[in-house]
Amino acid sequence: MIRSPAPFSLTAMTVFAALWFLLHPSSAQLSPSFYATTCPNVSSITQTVIQQALQSDPRITASLTRLHFHDCFVDGCDGSLLLDDSATFKSEKDAAPNLNSTRGFDVVDNIKAAIESSCPGTVSCADILALAAQASVFLSGGPYWTVLLGRRDSLTANQAGANTLIPSPFDPLANLIAKFSAVGLDTTDLVTLAGAHTFGRAQCKTFSPRLYNFTANGGPDSTISPSYLYSLQQLCPQNGDGTVLANLDPVTPNTFDNKYYANLQNNQGLLLSDQELYSTASAATISIVNSFSGNQSAFFQSFARSMINMGNITPLTGSNGEIRSNCRKVNGS
Ligand code: HEM
C-alpha cells in the first residue's frame with residue numbers, strides 16, 4: 001500500500017515552523033514599517049531632537065548608543081533601563097554598570113515628548129532607544145541602517161539582572177563571549193559592537209587598575225603602549241579622582257569610524273575588555289579586529305547587522321507590555 005506523503009509533510013512543516021520560531025523568537029515580529037501609518041515621522045523627530053542636543057553636548061550620541069545596549073542586555077530591548085525606582089521595583093539606573101555612568105535620559109524624555117505630541121500613545125520607549133542609537137551613530141559619521149520597530153515597554157525593571165548580565169570592563173574575554181552568547185550574539189557581534197567604543201568617554205576608575213600594580217611584579221598592563229600609558233597615567237594618577245573622563249578612542253574621539261580597531265593593534269585600547277579582543281593569545285577575535293581595521297566599510301556593514309541582531313533580543317510585542325506615556329514610569333503608577 002502506498003501511503004500519502006501529505007500527513008508526514010504537514011508534520012514536518014509544523015515541526016520546522018515551531019523550530020524556526022524557537023530559534024528566532026522575536027525577530028519576525030519587528031518590522032521596518034511598524035509606524036508607517038501611525039507615526040511616519042518617528043525617525044526624523046528623533047534625529048532632530050538629537051541634533052539639538054549635540055549642539056551643547058558632543059558626547060550625547062555615544063551616551064544614547066550605549067543606552068540601547070544596556071537596555072537590550074537585561075531581559076531584552078524593552079525600555080526597562082529607563083524606569084525610575086517605584087514602590088515595587090528598583091531602577092536599573094542604580095545598578096553598578098549604570099550608576100553615575102549611563103547618561104542621556106533627559107534627551108530620551110525630550111524625544112518621547114516630541115513624538116507624543118505628533119503621535120500620542122503610539123511609539124514605545126524601547127523603540128525610541130533603538131531609533132536614538134541609529135540616529136546617533138549616523139550623525140557621528142557611522143553607517144545608516146533601517147531600524148526594526150514594534151517593541152513594547154516592560155512593566156518592571158531588573159536591577160539584579162543589570163548587575164550580572166551587562167559585561168564588565170574587567171571581564172576576561174571568555175566572559176565577554178559568554179555574556180554575548182547568553183543573549184544570542186556571537187563573537188563577530190561582540191567584536192563589531194565593541195567598535196562602538198570609537199566614540200564617547202570612560203571614567204578613570206574603569207581602566208586605572210591597568211595603569212598601576214597590574215602584574216604580579218607590580219607593573220602596569222604590558223598590553224598598553226608606553227606613550228599611551230604615560231598619557232593615561234597623567235590623566236589618572238594613582239588614587240586620584242576616579243570620575244575623570246578619558247576618550248575611548250584617543251585618535252578620533254567624537255567620530256564613528258574604524259580607528260578603534262587600529263588603536264587595538266597599536267596597544268591603545270582604553271579598557272581591558274577592549275584590548276583583550278586583540279591581545280588574548282590565539283583568540284578568534286584577533287582576525288576580526290584585523291579585518292575591520294583594514295576595511296571601514298566591512299566594519300560599517302557588520303555594525304549595522306549586529307545592531308539589528310542586538311535590537312532583536314527578546315522584545316515584548318503584540319499585546320505584551322505597554323506603550324508607556326512617560327519612559328520613566330509604568331502607566332498608571
Ligand atoms: C563588550 C563589552 C563592553 C564593555 C565591557 C563595555 C564597558 C564600557 C565602559 C566601562 C564604559 C565607560 C563607562 C563609564 O566610565 O562611565 C563604556 C562606555 C561606552 N560604551 Fe561600552 N562596553 C561594552 C560594549 C559596548 C557596546 C556593545 C556598545 C554599543 C553598541 C557600547 C557603547 C559604549 C559607548 C558609546 C560608550 C561611551 C558612552 C558615553 O560617553 O557616555 N559598549 N563601555
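As the structure lists them, so they are numbered: ligands from 1, and atoms in each ligand from 1.
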Classify the contact between Pro97 and ligand 1 as side chain, backbone, both or neither, using a heavy-atom distance cut-off of under 4.0 Å.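 Within the 4.0 Å criterion, Pro97 makes no contact with ligand 1.
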
Shortest protein contact, [atom] (heavy atom only):
atom                    : value
atom 35 (C) of ligand 1 : Ala62 O, 3.1 Å
atom 4 (C) of ligand 1  : Ser273 OG, 4.1 Å
atom 15 (O) of ligand 1 : Gln203 N, 2.6 Å
atom 41 (O) of ligand 1 : Ser63 OG, 2.6 Å

Residue-atom pairs from the protein, N, O or S only, that lie under 2.8 Å from atom 21 (Fe) of ligand 1: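 Listed by chain and number, the nearby protein N, O or S atoms are His197 NE2.
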
Is it possible for you to say whether Met310 and Trp145 belong to one hydrophobic cluster, with membership spreading through side-chain heavy-atom contacts below 4.5 Å?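 In one cluster with Met310: Trp145, yes.
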
Have [X] and [Y] got a donor and an acceptor in their side chains that come within less than 3.5 Å?
X      : Y      : result
Gln265 : Ser293 : yes
Asp75  : Ser80  : no
Thr198 : Asp257 : yes

Can you name the atoms of ligand 1, numbered from 1 with element, that are less than 4.0 Å from a heavy atom of [X]?
X      : answer
Leu193 : 26 (C), 27 (C), 28 (C), 30 (C)
Arg59  : 39 (C), 40 (O), 41 (O)
Pro167 : 2 (C), 5 (C)
Ser168 : 5 (C)

Examine Arg201 against ligand 1 and note whether any of their N/O atoms are separated by less than 3.5 Å.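 Yes, at least one N or O pair falls under 3.5 Å.
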
Between Ser101 and ligand 1, does any nitrogen or oxygen pair lie at a separation below 3.5 Å?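 Among all N and O atoms of Ser101, at least one is under 3.5 Å from an N or O of ligand 1.
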
Look at ligand 1 and say whether Leu190 reaches it with a heavy atom at a distance under 4.0 Å.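 Leu190 counts as a contact of ligand 1 under the 4.0 Å cut-off.
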
Distance flag, aromatic centroids of Phe73 and Phe180, threshold under 6.0 Å: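 Yes, the ring centres sit under 6.0 Å apart.
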
Ring-ring centroid check Phe303 Phe256, cutoff 6.0 Å: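 That pair passes the under 6.0 Å test.
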
Distance in Å, Ser181 OG paired with Asp189 CG, rounded so as to fall on 0.5 Å steps: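 CG of Asp189 is found 10.5 Å from OG of Ser181.
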
From Ser136 OG over to Ile60 CD1, what is the distance, rounded to the nearest 0.5 angstrom?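 Here the rounded value is 7.5 Å.
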
Is the backbone of Leu277 close enough, under 3.5 Å, to the side chain of Thr285 for a donor and an acceptor to pair up by distance?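 Yes; at least one donor-acceptor contact below 3.5 Å.
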
Exam field: side chain Asn263 to backbone Gly269, donor-acceptor pair closer than 3.5 Å: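 Side chain of Asn263 to backbone of Gly269: no pair is present.
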
Heavy-atom closest contact (Val289 atom, Val191 atom, distance):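 Scanning both residues completely, I find the closest heavy atoms to be CG2-CG1, 3.9 Å.
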
Thinking salt bridges, do Arg103 and Asp57 make one under a 4.0 Å N-O criterion?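 Here Arg103 pairs with Asp57 in a salt bridge, since their nearest N and O are under 4.0 Å apart.
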
